[in-house]
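For ligands, and for the atoms within them, numbers begin at 1 and follow the listed sequence.
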Amino acid sequence: MAARIRLGVNIDHVATIRNARGGVHPDPERAAALASAAGADGITLHLREDRRHIKDADLDRIRAATDLPINMEMAAAPDMLDIALRFKPETAMFVPEKRAELTTEGGLDAARGHNHLADYVRKLKDNGSRVSMFIEPDPVQLLAAYRMGADITEFHTGRYVELSLAGEDELAARELARLRACAKEAVKLGVEPQAGHGLTYETVQPIAAISELTELNIGHFLVGEAVFVGLGEAVRKMRLLMDEARGVSVT
Ligand code: PXP
């Protein structure tokens with residue numbers, strides 16, 4: 001039986017709602033505590049250049065609200081590196097960042113970014129963080145991430161989710177096969193394979209069933225569901241679906 005798969009809860013969009021009014025509510029710190037209590041295994045946050053959701057002052061408060069490991073998504077930029085070196089997230093994840101995008105649109109071009117990224121990877125690892133790269137399920141990108149010393153690669157599930165929700169079953173199955181093959185290849189290389197982006201109750205199980213994957217990072221859907229059922233309930237249900245997909249007995 002495949003081991004239990006971890007759930008990293010991305011709390012960015014709690015901060016998006018807070019920032020819509022410029023006040024303090026809803027507080028991502030409280031979201032981190034609630035997600036922890038509901039069975040999350042990690043907290044993911046993205047400090048974007050435009051600070052549209054998580055802000056600098058949130059970092060230490062979120063750290064204090066949970067004992068869970070923190071996965072900090074970041075662009076490969078000098079000011080972000082300084083913040084990450086001070087904050088020391090358990091994982092620093094490089095994502096591509098475009099100002100006008102609504103969310104992280106595609107994976108990192110690790111293959112072309114080698115010269116720029118390799119130095120960042122080394123500094124963060126020397127400082128005690130594990131380094132992850134958010135990439136498309138593409139063997140070329142995986143190999144580039146491995147060669148740069150990435151400990152983890154998170155494979156982008158956005159395309160799989162879109163195809164699956166659009167009823168494009170054949171194309172979705174092909175994308176799922178790409179994700180599966182890359183997860184296997186990552187293990188062979190000694191890189192820990194994770195996945196995420198866009199996952200919902202409806203789409204999570206085929207991904208969670210890929211036995212090589214160790215963690216899924218899920219945010220927008222959970223925060224959306226939290227409006228209706230509360231964050232704790234949304235996290236518990238996602239956890240349950242992931243466990244079910246792995247055949248892990250739930251007590
Ligand atoms: N992984 C990465 C690298 C992301 O940038 C995001 C979105 O911030 C997620 C996972 C979570 O995606 P979603 O919010 O669509 O669940």
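Looking only at atom types and distance, the side chain of S164 has no donor-acceptor partner in the side chain of T203 under 3.5 Å away. In the model, N71 has no side-chain atom that pairs as donor or acceptor with a side-chain atom of E90 under 3.5 Å.
Remark: ligand 1 and F221 share no N or O pair separated by less than 3.5 Å (distance only, no angle test). Residue E73 has at least one nitrogen or oxygen atom sitting less than 3.5 Å from a nitrogen or oxygen atom of ligand 1, judged on distance alone. Looking at N217 next to ligand 1, no N or O pair under 3.5 Å apart turns up.
R246 places a side-chain N or O within 3.5 Å of a backbone atom of I210 that can act as its donor or acceptor partner.
Among all heavy-atom pairs drawn from V191 and A150, the shortest one is CG2-O, 4.0 Å. Between V121 and F94 the shortest heavy-atom distance is CG2-CE1, 4.2 Å.
Under 4.0 Å from ligand 1, not a single heavy atom of H156 appears.
Contact between M93 and ligand 1 is present, with at least one heavy atom of the residue lying under 4.0 Å from the ligand.
Listed by number with element, the atoms of ligand 1 under 4.0 angstrom from any heavy atom of V95 are 3 (C). Counting the atoms of ligand 1 from 1 in the order shown, those under 4.0 Å from a heavy atom of G198 are 12 (O), 13 (P), 15 (O), 16 (O). Within ligand 1, the atoms closer than 4.0 Å to a non-hydrogen atom of H220 are 13 (P), 14 (O), 16 (O), numbered from 1 in the order shown. The distance from ligand 1 to the heavy atoms of E154 drops below 4.0 Å at these ligand atoms: 1 (N), 2 (C), 3 (C), 10 (C).
The distance between the ring centers of H116 and Y120 falls below 6.0 angstrom.
For R147, the CZ atom is loosely surrounded, since the number of other residues' heavy atoms within 6.0 Å does not exceed 12.
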